[in-house]
Enquirer: 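This is the structure, below, for whatever I ask next.
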2 protein chains.
Amino acid sequence: MGILRNIGQLATCASDATQGGAHVVAHAAIVWSGDEITWVGEEKNLPPMTDHDEHDAGGRLVIPGLIDCHTHLAFGGWRADEFEERIRGSSYLEIARRGGGIRSTVRDTRRAEADHLFDRVRRHAAEMLELGVTTIECKSGYGLTLEDELKLLKVYRRLSMDGPQRIVSTFLGAHTVPPEFDGRRAEYVDLVCDVMIPRVAREKLASFCDVFVEESAFSLKEGERILKTGRQHGLGAKVHADQLTSCGGAELAASVGAVSADHLEQTSTVGIRAMAREGVVAVSLPIASLYLGVKPLDGRRFIEAGVSVAVATDFNPGSAPSYHLPMALMLACNMNRLTPAQALLAGTRNAARAIGMSDTVGSIEAGKKADLALLDAESVNHWLYNFRPNAVAATFVGGRLASGQL
Amino acid sequence: MGILRNIGQLATCASDATQGGAHVVAHAAIVWSGDEITWVGEEKNLPPMTDHDEHDAGGRLVIPGLIDCHTHLAFGGWRADEFEERIRGSSYLEIARRGGGIRSTVRDTRRAEADHLFDRVRRHAAEMLELGVTTIECKSGYGLTLEDELKLLKVYRRLSMDGPQRIVSTFLGAHTVPPEFDGRRAEYVDLVCDVMIPRVAREKLASFCDVFVEESAFSLKEGERILKTGRQHGLGAKVHADQLTSCGGAELAASVGAVSADHLEQTSTVGIRAMAREGVVAVSLPIASLYLGVKPLDGRRFIEAGVSVAVATDFNPGSAPSYHLPMALMLACNMNRLTPAQALLAGTRNAARAIGMSDTVGSIEAGKKADLALLDAESVNHWLYNFRPNAVAATFVGGRLASGQL
């Protein structure tokens, strides 16, 4: 039993909030029992209670624990020198010819021991916790053999058991065609569909199946087959769509009933309408737009069409080498034209929808988990406007103080 | 007497470094006496010494203390709600009509007591120190009366005496025409030239005089008069140039012998050539480009033309409400096409040139001040690639550990 008092502003992100607002309550308090919220409201209306652990928010802004709904958390090596090469003007193709790019990460990831990968993801998760991130979606996709994909997903399962954050795993065997299948891509798609997906599903190692639909990766048709196979095995669908070219990824996401389509820098109006119709969440990844120099998506186009917009880091060693979700939200304000309140919803309630966890997390309401971030900021607007290294003073997961101090 | 041992990589940014490299020495050590560096080199060549305070860098990357060479550090109030209004599509003009914009900051700054402003700048400076910033250029410009401009410059003098950072003050009375001079701009320019500049110079309250040359602020001709008046009174010249329109600000900076021209998003090739010829440093302000949605300048164009490029935060409550200089350097890599080594030089050696302090700070060499930042990063490339909330483990100013711990 716990209670958090003396909240200056509480942005509940409650499900009855309109898309424009984060449902703010001033001078609020939150009560929980076990790991679940039982009461939220103005502190003056607090019911009489006994035997509660009391925490003082110190007049801070309190928001739902942030949800990073798109990361590639586990990978071997880094590609820092490639960052410099790209700035100097080398294309991905030239870098790939020299053995760089995603294939160098695949090589390093295959070589890495599970224990080493686990130490890395645990460290990154701890750093994300300090930034207020209480739930992380984690994709495989740098293994690209049955054994190495299972290795990554088992690292995530171990991270999930290790805690404190909630981990959602996504199988992304269809991230790229691995080098040993050069010229035999159809065989790789067979391997994904006939061997990998059934095994991942049987071992309950993932909740979702994702595919990178792009000229340089998998075709719409291959994507459809992979996602449908995933669904037959009980895996929800997600799509890397329309990042570099408008190739129908958003429409595919709508047609297979995906929970989300991600990237979407090049999505057409037809694609946006299809997503709205089918309730597919749009996941914007502004750090990747920034690091790749891609024209960022216009979040307002999606919101005005009735699509829920989430924002995530896309943390990976190539195009988005930062796990700083609050920075991604600040960038979403400046690059995707989301208001701070819309950006907050994008990192909480809508991010929960993008990973099928709306029933559990993403807002501060009775019945949800007591996942909370306490911010040294006077308002949601101020938080994402006056960008600081880390405005989070403390993070609660399931009603327990998991990081920081009060 | 002090010594820093066990440096994994030391990016000296020494004056003999080419524009492309940061002059990196592996397994290095630094020795200082008083506040001044006396020896830099590979640790194995360290001369025998006694009576030195020893510090262990723990294998970290060490860089010169960062220099934020363009800030508007002292101001009253904030404009967080205006940030939301601009995202929603309101123009500066509309916001100004409602009493917002720079004039609301002028109002709040005039109302603010000097002690209150001092508390704010001291807090911001302390937070910047944690980010490795050891020297800060601070502009006036939100007072716009003799009394209020002096108030701001005296706040900076107090900050300079309070320490630990080095403070360089710039008089920016010509930031905008204050409301009480609507329709009488020539009279305001007279006030700046005939009253404010002589008084600021006599009280030794600033090293530089700056002017905002822009259609919405001061004309080229007014700028020229103001900067020349400043020079007659011993103040070096700096120019806010070509941010929103290409109006000859860079050429003006060259013609009056300014140390720097800042912003420069719209500078013409002619302007760049003039800056190269006269040795004017180009100061890029990518946070302002990001928050205003302005097309960022192409740093490579300047570097290839032979112009030294510096990067600063432009910290101010309107267009750049963040003092995160390492983030500005990361943005400069992604938005201005600077390599990480060029970005590091832009935040150290070239920033020192932009404030006339090259003899004292900006590189790690015998004879310079022992201002150092110790980074949890394996290389300069890795530091600005894998962007983290704050990679700085410790900051030294003049050989004294001023922030963090080892």
Enquirer: Would you find a donor on one side and an acceptor on the other, under 3.5 Å apart, between the side chain of N390(A) and the backbone of P389(B)?
Expert: no

Enquirer: Can you tell me how far apart CG (L290(A)) and CG (L290(B)) are? Round to the nearest 0.5 Å.
Expert: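 L290(A) CG to L290(B) CG: 7.5 Å, rounded to 0.5 Å.
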
Enquirer: Could you measure the distance from the CG atom of L384(B) to the CZ atom of F83(A)? Nearest 0.5 Å is fine.
Expert: 7.0 Å

Enquirer: Considering only heavy atoms and a distance below 4.5 Å, find which of M330(A), E85(A), E127(A), R86(A) pairs most often with chain B.
Expert: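 Maximum pair count with chain B is reached by M330(A).
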
Enquirer: Just by distance, do the side chain of R300(A) and the backbone of I87(B) share a donor-acceptor pair under 3.5 Å?
Expert: yes

Enquirer: Report which part of L131(A) has an atom under 4.5 Å of a heavy atom belonging to chain B: side chain, backbone, both, or neither.
Expert: side chain

Enquirer: Quick check: does any side chain N or O of Y385(B) sit under 3.5 Å from a backbone N or O of P317(A), one acting as donor and the other as acceptor?
Expert: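 Yes; at least one donor-acceptor contact below 3.5 Å.
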
Enquirer: Begin from the C-alpha positions of Y291(B) and F387(A) and carry the test side chain to side chain contact (heavy atoms under 4.5 Å, CB included) through to its verdict.
Expert: CA-CA 11 Å; Y291(B) 273 74; F387(A) 182 77; 3.7 Å; yes

Enquirer: Let me know if H324(B) has heavy atoms under 4.5 Å from chain A in its side chain, its backbone, both or neither.
Expert: side chain

Enquirer: Looking at E378(B), E130(B), R79(B), which has the largest count of heavy-atom pairs under 4.5 Å with chain A?
Expert: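 So the answer, after comparing E378(B), E130(B), R79(B), is R79(B).
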
Enquirer: Heavy-atom distance under 4.5 Å to chain B: side chain of L338(A), backbone, both or neither?
Expert: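 Backbone of L338(A) only, per the 4.5 Å heavy-atom cut-off to chain B.
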
Enquirer: If you apply the rule side chain to side chain contact (heavy atoms under 4.5 Å, CB included), what do you find for R337(A) with R88(B), and how did you get there?
Expert: CA-CA 8 Å; R337(A) 294 207 300 157; R88(B) 287 188 184 281; over 6 Å; no

Enquirer: To the nearest 0.5 Å, how far apart are CG in L331(A) and CG in L331(B)?
Expert: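 Those atoms lie 7.0 Å apart.
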
Enquirer: Are there residues of residues 71-78 of chain B whose heavy atoms fall under 4.5 Å of chain A's heavy atoms? If so, which?
Expert: W78(B)

Enquirer: Within this structure, what is the NE2-CG distance for the pair H382(B) and D81(A), rounded to the nearest 0.5 Å?
Expert: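 One finds 10.0 Å between NE2 of H382(B) and CG of D81(A).
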
